[in-house]
Structure formats: structure tokens, C-alpha cells
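As C-alpha cells, the structure follows; a few thoughts come after it.
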2 protein chains.
Amino acid sequence: MPIKNADQSAVIGLNAIIVAVTDEVPRILIVQRAAHSLATPAQRGEADSYEDSPVTLPFGPFDPSQHRTLELGLHKWVEQQTGLGLGYVEQLYTFADRHRDPREQAGGPRLVSVGYIALVRQVPLSGAGEAEWQNCYDFFPWEDWREGRPKVVDEIIRPKLQLWAKNIDEKNERESTQERLSIAFGTGTASWDFDRVLERYELLYEAGMIGEAIRDAKIRAAISGLSEPQVASEAIETAKFLGTTMALDNRRVLATAIGRVRGKLKYRPVVFDLLPSTFTLLNLQLVVEALGGVRLHKQNFRRLVVNGGLVEPTGQRDIQSRGRPAELFRFRREVLSERPVSGVGLPSLRTIG
Amino acid sequence: MPIKNADQSAVIGLNAIIVAVTDEVPRILIVQRAAHSLATPAQRGEADSYEDSPVTLPFGPFDPSQHRTLELGLHKWVEQQTGLGLGYVEQLYTFADRHRDPREQAGGPRLVSVGYIALVRQVPLSGAGEAEWQNCYDFFPWEDWREGRPKVVDEIIRPKLQLWAKNIDEKNERESTQERLSIAFGTGTASWDFDRVLERYELLYEAGMIGEAIRDAKIRAAISGLSEPQVASEAIETAKFLGTTMALDNRRVLATAIGRVRGKLKYRPVVFDLLPSTFTLLNLQLVVEALGGVRLHKQNFRRLVVNGGLVEPTGQRDIQSRGRPAELFRFRREVLSERPVSGVGLPSLRTIG
DNA sequence: ACAAATATGCTCAATATGAGTATATTTGTG
DNA sequence: CACAAATATACTCATATTGAGCATATTTGT
């Protein structure tokens, strides 16, 4: 039996979701971990006899004796690991569920981690860590609608989820699940809400469709001494279409982060922390589109940001390759004190290019 | 010298901000603590030789060995203490700054607390605790604009803050502070953004204008062995107009919560968790107004919620005292799956009755 | 000179919003 | 009972915002 942990203490860690947009791709910083060798003991647990994904979010322990605040601890550690200076930083969420790491059953200090989102401009990457940039949508292929509605949504996700929900025995639970499905993925005519990234991820997990769900089922079985659950090979095939699996609950954390950033875009001018100090309106639009996973109407986008006073022309023009050269703009900081709601709104549901 | 805390462990606590609206007053649950006797050892520290406010937010330790998730731990403990069943629950923020409790300087386990907001319908109050309801605006008199712009804003807050900011020596800091002031409190023509409760609180704290700031200055002086800082008696007078002081950083936590609820109102239908299952449109409007601290235009509010499909008529009417009886409505849950953004929008800046 | 590519400007209908006015249905009072 | 006071509900109207598209401008490359 594991050690009792009656003193209620816990280990606090920091998880950083560091976001940048380059080449119209939203990227996050991940760490490719050598298989079966987690960075910190706290992340390891005992039973290591199952395959886990080597892809993790950057994680660092928080040492209360060294840092006055969580945010300071984060800055320090990210700088050491990546050499990045962080721009906009926001606390995301505190994750402490026991099933975060299925190996950590009762007993043992609980790993509590506080997630932070940081938006950064550049991508130099230096420092002690082995961090690298990876396309967000590698983890959430169904979230990128810029080239139209992703095939995986209609061909795999919706039908399989609907089938799963229909077969839930208990009536109340079935109905509430079906309602959640229609909210998260839209039904027929209804719309796809780009913010609901976490809700979609959670449904896919509950339905056992993605890698983490299959992995966790195995682990739980191993821990309780049951025989390996038979996972239909079809399920394993399906999971391959549903993005890269991450370690522990890291993909859930990432889903939370993407949802948060998308929501924030609409009512606070956070995009500008991802851009250089001057930029063309196309640059700006492409970054918004990349994060939102949508195409926007160009002329209306321009109207929104220019007439809305979010940006102002610098008088200079971009040196470019084809077409009429675009004017360079800069962020108008004054807007912060003028308009309560000032974001570069993603559309409610419209997506036309 | 205090004990070193090199193992990075920390004590995790839960802070609950439990909100209900009754008689057009938004209320939160607080605990009146006997002076100088905090509920948990973790909250006490050593140096107790200064006056602190007896008003605290409900706080409970989180025991990882007993509860699978933070939220479950919260539910359990709130039920024991108050007998309340929680409706909507949302994680607010994780607070871990060292200066949360100025007594806890270097060393000693850090108290990290995870704040949760819960919206509840009823106010019976039973159970083991000595919790009671208190008007939110007792703590933030400047946030309630329902009877027009509060006098304290123009007579005390704005002039004193402006004076304070003007006297900041360092140029960059002065300018950025002045910008923050104008964002948070509006300047002249500019608007008051009802969401920015935390930003306003923080500026008042930094300017040393509210009770907590005065208290913390004393404590810091006592700890570093300096003589009691001389606080102008005028400052103490001022603080009296700026709401009830709370223990530790609890008022900061509360400010975060109120800002969050106000923001949420606009784009998610959370109000309905504060209302009985059927209600008149006036009931609904009064609750929104109470939380938002604004008056809304009645006819337009009706149009918004009825035409927007947020509510549907039940066919029954209210039994009432004066005037034409109002129809009873209920929340239309379907709206969740229909419209991505469905809240009962507070106005951007308009406030007319 | 002209096609291709891009930027920028403008129009127009559909909705949404702010601010009223008008009407309806109650209770309480003389 | 008539009528004032109080409240609910319906409608109007000007203005602002949004979605969608067409038209024009300024480049580069052939």
C-alpha cells in the first residue's frame, strides 16, 4: 500500500503553454522526452510499465522558498530553459485531479500544477532545455477550419460520438451527454463555437476515442490488477486520426489554453503580443486566423481594426514580393482606455473568406 | 531564521466565493472570525501582534488523500460548513504570492489557495460553520452604480489616485501608472468598464488608500524590525470610505471574483443559476443589475432575452402586489447549443434606467 | 501592355442597439 | 365605481454594427 499523505501537502508545479505564430501556424513549445524518463520524480510515479507519449508541455517545479510569486517563478524557469522572454502572461488554470496521472492513485504527494499561458513574438530558442515548437493543430486536427470544415469532423468524430452517446444506458446521462455533444460540436444547422475546445476534447476522451483515453484505460486496468482491457483495433485506428497523444493530461491542459486564447482574442487586444511592433493588416489577420482556426472576411476585418481604432498607420509600407505594397500599422495602445471591449472578434459562427 | 522549505512543498487550500442575490443585493458568504484566532494553523503564522480584519472568505484545506479533485473537495466542505448545495461552480484563480500573508516571509510552507466561485440560489444556511451573508458592495462601494455614479469615485478616489500617480518619481512608472488609472477608472469622457474590478482594487491598494495597504505596511515594518510607519491620520480616514477591510488578501480574491462574474454574465447564461426555475423578467433584470452594478433599460433588456431566445414564457403569471402581473419565464436551455454567445449583456458603457 | 496578385475603398442590406412613446392590466383609494 | 399609481408589455425610430460583395489602386512579372 502506498504511503499515506495525511498532512495535505502537495507538490506544486508550473506548466507553461507558450504560444507563438509563425508562417500562419500557431505553435506551442513542447518537450520531447526520452521515453520512460520523466523530468521530475513527481511526474514519474511507480508503475512505469506502459507506453506513454513522449510529448509533454514544459514543466517546472515551483519553489516557494525562491520565488515570491508563481509568475516570477515561471519567468525565471522559462528563461533558463528556452532563452525566451515572455510577453503577455496569464494564469490559465490549476490542475489537481487525481486522475491527472493515473499511476498516482491514493497516497503519495499530489502533483498540483498551475498552468500559465504566455504569448511570445519570436522563436529563437536557446537555453538548457530540449524544447521545440510544434503546430497546435497536430494535437487538435478538428480545430482548424481555415481550409474549410475538417473532414475528420464529419467522417469520424460526429458519427462515432453520436453512436457512443446513443448507447449510454442511463437515460439522464444519455440525454445530458447528447446535449453536451450538440453544444460542443454543433448539430446539423447549429454552429461550431470556436471557444469550446476543452468541451470537445473532453467528449472525445470520455468516448474513448483519443490516445490518452486508451492509454489511461490500460493503466487503470494494470493498477487494479485486471487483465489488459481489450481495445478494439478499430479504436486504435481511429485515435490515429485524432491528433498526437501527449503525456499525462497535458493535452487537456493545452485544450484549455487554446480555448482561453480564442476567447480572449475577442475582447482584449492580445494578438499584438504575438506580432512585431509594426505589421501589415494581412499579417495581423493571418495571426488571428491561425489562432482562431477560421478564415475572416478581409475587408471587414480591416474595417474592424482600423475604424475601431485598434491600429494606426505608420506611414511606412511593407517591402513585399507581389501585389500592391501594404501599409505598416502599429497597435494603438490608447484603445485600452477608450473602449471597454476591444478585441479582433472572431465571428460568432460565420467563416467565409 | 525561519525553517527552510527546500522540498518545495506547499499547503493547498480552497477559497470559496459563494454568491447569491437576494433583495437586489449581491451577497457573498463570509466568516466572522474571532479576532486573532484564525481557523487553520496554516493561516496563522507567528507574528500575530497587529490588528487584522476578522472578515474572511470561507477557507478550507484541501486534503488530496480524501478528494479526487479540487472541485469535489470544495463541494464536500462547503456542504458541511453551510448546508448549501452549490449550483454553478467555476475555478477562479490560484493565489500563491508570498505577500498574500505578510507574516509568512521566507520559510514555512507556502499557503497556496485555489479560489472557486459558486453561484447559489437559496439562502437557508445551516451546518457547522459560522458563515453569514454580506453585501458585496460593502467591500467595494465604488462598484455599485445603480443609483448613479457613486460619490466616493469623484470626491475621493479619482482625485487622490491622480495626485498619487502624479507624484511617482520614475518617469516610466509614472506614465504607465497613469495609463492604468485611465483604463481602470476612466478619464473624463472615457468609460467605466464594469469588468475591471481587480484593476481598480489593485490601484487603490498600491496607492495605499485602503485598509489592507495600511495594515500590510505596518506588518512589513514590524517584521523587518523597523519602527511603525507613520500613516497620516488622513489616510486612515480615507480608508473608512473605501469599504470593509478583509483578512489577508481576501478582498483581492473577491475583486477577482466579481470581475469574473461580471465578465461571464455577458457571454454565458450564468444568471439563471442564481434564480429559481421560473421568474419574471423583472426578477431576472434585477439580478443582472445587482451583479453588474448598473441599471439597464427595461424594454431593451426584455427584447434581448426574449427575442434572443434565452427565456421562454411559461404561460403562468406572477402573483404580485402592485401593477399588472408579470408573466413567469423559464430559462431556455436549448440556447446553449444554438448561439455561441448567449449572455444577458451588460452594456459597454451606457447605464440609463 | 497586360495578367496576376495584393491592398484598399465603398456600397448595401440585414441586424442589433439605444432611447423613447404608447398601451395594457393590475391594486388601492376616495 | 372612477381613477391614480404602479407595473408589464408592445411598438417605433434613428443610429450603429455586421456580413457580404463589387470596384478601384498599385505593385511585380511576362
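All chains are named by letter (A, B, ...) in the order of the sequence lines, taking the proteins before the strands, and each is independently numbered beginning at 1. Here the structure is a predicted model, which is why all the values come from computation and not from measurement.
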Tell me the interatomic distance from [X], atom [atom1], to [N], atom [atom2], rounded to whole angstroms.
{"X": "A:Q316", "N": "C:dA7", "atom1": "CD", "atom2": "P", "result": "17 Å"}
{"X": "B:H297", "N": "D:dC13", "atom1": "NE2", "atom2": "C1'", "result": "12 Å"}
{"X": "A:F301", "N": "D:dA20", "atom1": "CZ", "atom2": "P", "result": "16 Å"}
{"X": "A:N307", "N": "D:dT18", "atom1": "CG", "atom2": "P", "result": "11 Å"}
{"X": "A:L296", "N": "D:dG21", "atom1": "CG", "atom2": "P", "result": "15 Å"}
{"X": "A:I319", "N": "C:dT6", "atom1": "CD1", "atom2": "C1'", "result": "15 Å"}
{"X": "A:L304", "N": "D:dA20", "atom1": "CG", "atom2": "P", "result": "15 Å"}
{"X": "B:Q285", "N": "D:dT9", "atom1": "CD", "atom2": "P", "result": "12 Å"}

What nucleotide among D:dG21, D:dG19, C:dT17 has an atom nearest to a side-chain atom of B:R303?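 That would be C:dT17.
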Consider the side chain of A:L282, meaning its heavy atoms from C-beta on, and name the nucleotide among D:dT9, C:dA19, C:dA7 that approaches it most closely. C:dA7
Mind checking what makes side chain to side chain contact (heavy atoms under 4.5 Å, CB included) contact with [X], not counting sequence neighbours?
{"X": "B:E179", "result": "A:R333, A:L336, B:I183"}
{"X": "B:L203", "result": "B:W164, B:T177, B:R180, B:L181, B:A184, B:F185"}
{"X": "A:R260", "result": "A:E90, A:L92, A:I117"}

Using ring pair (Phe, Tyr, Trp, His ring centres under 6.0 Å) as the criterion, list what pairs up with [X], not counting sequence neighbours.
{"X": "B:F140", "value": "B:W142"}
{"X": "B:F139", "value": "none"}
{"X": "A:Y88", "value": "none"}
{"X": "A:Y137", "value": "none"}

Above 12 or not: heavy atoms from other molecules or residues under 6.0 Å from CD of B:Q316?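 Incorrect, the count does not exceed 12.
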Toss me the dot-bracket line for DNA chain D: Watson-Crick and G-U wobble, both under 3.5 Å, 5' to 3', using | for pairs to another strand and [ ] for crossers. ||||||||||||||||||||||||||||||
Would you indicate, yes or no, if C:dT8 has its OP1 or OP2 atom less than 4.0 angstrom from a side-chain nitrogen or oxygen of A:K298? no
B:Q299 (side chain) and C:dT21 (base): donor-acceptor pair under 3.5 Å: yes
Filtered N/O pairs between nucleotides 26-30 of chain D and protein, under 3.5 Å:
{"residue": "D:dT26", "atom": "O2", "partner": "A:R324", "partner atom": "N", "Å": "3.2"}

Assert: residue with more 5' nearest nucleotide on DNA chain D, out of B:N300 and B:F329, is B:F329
Take A:R200 and A:W192 through the side-chain contact (heavy atoms from CB on, under 4.5 Å) test and state the conclusion after the steps. CA-CA 10 Å; A:R200 287 188 282 269; A:W192 178 279; 3.2 Å; yes
